[in-house]
Amino acid sequence: MMLVEKVKSIEHKSDFMPIKQWREDDRPRERLIKFGSKSLSDSELLAIIIGFGTVGKSAIDISRSLLSEFSSLSEMAKCDVTQFKKISGIGLAKAVTISAAFELSRRISDDPFSNNKILSCCEDVVEYYMPRLRDFRTECFRVILLDNSNRPFKEVTVSEGILNQTLVHPREVFRQAILESAASIILLHNHPSGNCQPSPQDKDITKRLLQTGDIVGISVLDHIIIGRNNYFSFKNASLL
């Protein structure tokens with residue numbers, strides 16, 4: 001190695017300082033304890049989840065590499081363990097921890113199935129389901145079962161994958177609703193493309209399910225399509 005390269009290497013190493021050697025007020029964990037989690041940046045919160053750095057890199061450095069590689073937290077949320085492991089400093093344990101953290105974030109605390117919340121409008125449904133469905137890479141069709149007071153008590157996944165009339169059959173949609181004596185249901189699925197506008201197929205499926213609901217005596221209150229940061233309500237659009 002040339003002398004200049006050796007000097008540069010030494011200078012590079014001397015610039016690195018583990019987080020535990022930082023001033024206390026600059027350390028993410030201590031700042032969170034003192035000022036609360038909202039005071040931390042995305043990279044600082046990620047650094048806490050990552051836990052510790054590696055040779056020549058702090059947890060903050062690794063978290064910044066993650067944000068740089070995936071451009072945003074929402075893009076990171078789509079990634080799996082294998083993709084996280086491609087980042088320098090991320091091993092299997094860190095990758096699993098990050099994936100678990102994103103999954104927990106999707107399971108937001110305001111769970112309509114545990115607090116007897118009444119669903120009075122489509123926004124109540126969207127508030128809960130958008131964080132859980134907008135990052136799915138395939139279409140997932142779900143049915144929410146409600147009682148006579150419009151309180152949801154169960155969620156049923158009818159299909160995952162490409163949405164078509166074969167996968168979303170009225171028999172599968174209403175089977176659990178009939179067994180559970182549901183008074184009404186809400187249909188829900190996501191569009192991985194981010195475009196929430198209903199396709200002709202979406203409209204056909206909705207029409208068939210409305211007709212079936214009339215026959216079996218279980219009302220279809222709405223069909224909601226979740227996009228990236230938007231949604232479409234058949235009820236709001238007067239298509240029910």
Side-chain angles (χ1 to χ4, degrees), residues 77 102-240:
F102 278 116
E103 180 57 32
L104 282 173
S105 72
R106 282 188 279 265
R107 303 180 187 185
I108 57 179
S109 58
D110 187 20
D111 187 342
F113 302 102
S114 63
N115 61 9
N116 291 321
K117 180 178 180 178
I118 295 175
L119 298 182
S120 58
C121 60
C122 69
E123 285 76 15
D124 292 336
V125 180
V126 172
E127 180 183 3
Y128 176 69
Y129 279 99
M130 183 171 283
R132 302 177 71 198
L133 291 180
R134 64 185 173 193
D135 296 323
F136 274 33
R137 296 188 176 187
T138 58
E139 290 194 9
C140 178
F141 194 100
R142 300 186 182 186
V143 180
I144 305 170
L145 311 185
L146 300 96
D147 62 18
N148 287 313
S149 299
N150 281 0
R151 287 188 175 91
F153 63 87
K154 191 167 186 176
E155 169 196 302
V156 179
T157 298
V158 176
S159 73
E160 291 187 20
I162 300 172
L163 180 61
N164 60 48
Q165 294 187 23
T166 301
L167 292 177
V168 184
H169 192 281
R171 178 182 58 249
E172 304 304 322
V173 171
F174 285 94
R175 174 185 294 168
Q176 200 66 36
I178 293 171
L179 290 174
E180 300 279 355
S181 299
S184 58
I185 62 174
I186 294 175
L187 311 174
L188 181 79
H189 81 277
N190 64 304
H191 278 180
S193 66
N195 180 2
C196 66
Q197 291 302 307
S199 66
Q201 198 168 31
D202 292 332
K203 294 178 181 178
D204 289 342
I205 290 170
T206 304
K207 183 178 179 180
R208 294 178 68 210
L209 295 178
L210 279 171
Q211 293 170 345
T212 305
D214 289 339
I215 293 171
V216 301
I218 299 176
S219 302
V220 177
L221 300 184
D222 203 350
H223 183 180
I224 299 170
I225 301 173
I226 301 293
R228 168 62 56 201
N229 290 305
N230 48 22
Y231 67 92
F232 181 90
S233 163
F234 277 73
K235 181 179 180 180
N236 285 359
S238 301
L239 294 177
L240 289 184

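As a basis for the values below, the full set of heavy atoms in this structure was taken, side chains included, without hydrogen atoms, waters or symmetry mates. These numbers come from a predicted model, not from an experiment.
- Summarising the geometry, atom SG belonging to Cys122 is positioned 11.5 Å from atom CD belonging to Glu127; distances are rounded to the nearest 0.5 Å.
- At least one donor-acceptor pair under 3.5 Å links the side chain of Ser193 to the backbone N or O of Asn195.
- When atom types are taken as modelled, the side chain of Asp202 and the backbone of Ser199 share a donor-acceptor pair closer than 3.5 angstrom.
- Between Ile144 and Val156, every side-chain heavy-atom pair lies at or beyond the 4.5 Å cut-off.
- The shortest side-chain heavy-atom distance between Ser219 and Ile185 does not fall under the 4.5 Å cut-off.
- Counted by atom type alone, Tyr128 and Glu123 present zero donor-acceptor pairs between their side chains at under 3.5 Å.
- At least one side-chain heavy atom of Leu209 sits less than 4.5 Å from a side-chain heavy atom of Val168.
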- Pair Asn190-Ile225, side-chain contact (heavy atoms from CB on, under 4.5 Å): steps then yes or no: CA-CA 5 Å; Asn190 64 304; Ile225 301 173; over 6 Å; no
Just list the side-chain donor-acceptor pairs under 3.5 Å for residues 232-240, sequence neighbours left out, or say none.
from   : atom 1 : to     : atom 2 : distance (Å)
Ser233 : OG     : Asp222 : OD1    : 3.2
Ser233 : OG     : Asp222 : OD2    : 2.7
Ser233 : OG     : Lys235 : N      : 3.3
Ser233 : OG     : Asn236 : N      : 3.0

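- In terms of the side chain to side chain contact (heavy atoms under 4.5 Å, CB included) criterion, Ile215 has no residue partners (sequence neighbours excluded).
- Taking all atoms of both residues into account, the shortest heavy-atom contact from Pro198 to Lys203 is CG-CE, 4.0 Å.
- When side chains are defined from C-beta on, Thr212 does not count as touching Val173, because their heavy atoms never get closer than 4.5 Å.
- Under a 4.0 Å N-O distance rule, the pair Glu155/Arg132 qualifies as a salt bridge.
- Sorted by first and then second residue, the salt bridge (charged side-chain N to carboxylate O under 4.0 Å, His left out) pairs with a member in residues 181-194 form an empty list; sequence neighbours excluded.
- Between the OG atom of Ser184 and the CG atom of Leu145 there is a distance of 9.0 Å, given to the nearest 0.5 Å.
- Taking the six-membered ring wherever Trp is involved, the centroid distance between the rings of Phe141 and His223 falls below 6.0 Å.
- Under 3.5 Å, the side chains of Arg134 and Asn229 contain a donor-acceptor pair of N or O atoms.
- Between the CZ atom in Arg175 and the NE2 atom in His169 there is a gap of 10.0 Å [rounded to 0.5 Å].
- Within the 4.5 Å cutoff, no side-chain heavy atoms of Ile186 are placed close to those of Tyr129.
- Taking all atoms of both residues into account, the shortest heavy-atom contact from Gln197 to His191 is O-CE1, 3.2 Å.
- Annotation for Pro131 and Val126: closest pair CD-O, 4.1 Å, computed over non-hydrogen atoms.
- Taken from OH in Tyr231 to CD1 in Ile224, the straight-line distance is 8.0 Å, to the nearest 0.5 Å.
- Atom CD in Glu180 sits 11.5 Å away from atom CD1 in Ile178 (nearest 0.5 Å).
- Residues Cys140 and Arg142 form a side-chain contact, since some pair of their non-hydrogen atoms from C-beta on lies under 4.5 Å apart.
- With contacts defined as side-chain heavy-atom distances shorter than 4.5 Å, the pair Glu139/Pro192 qualifies.
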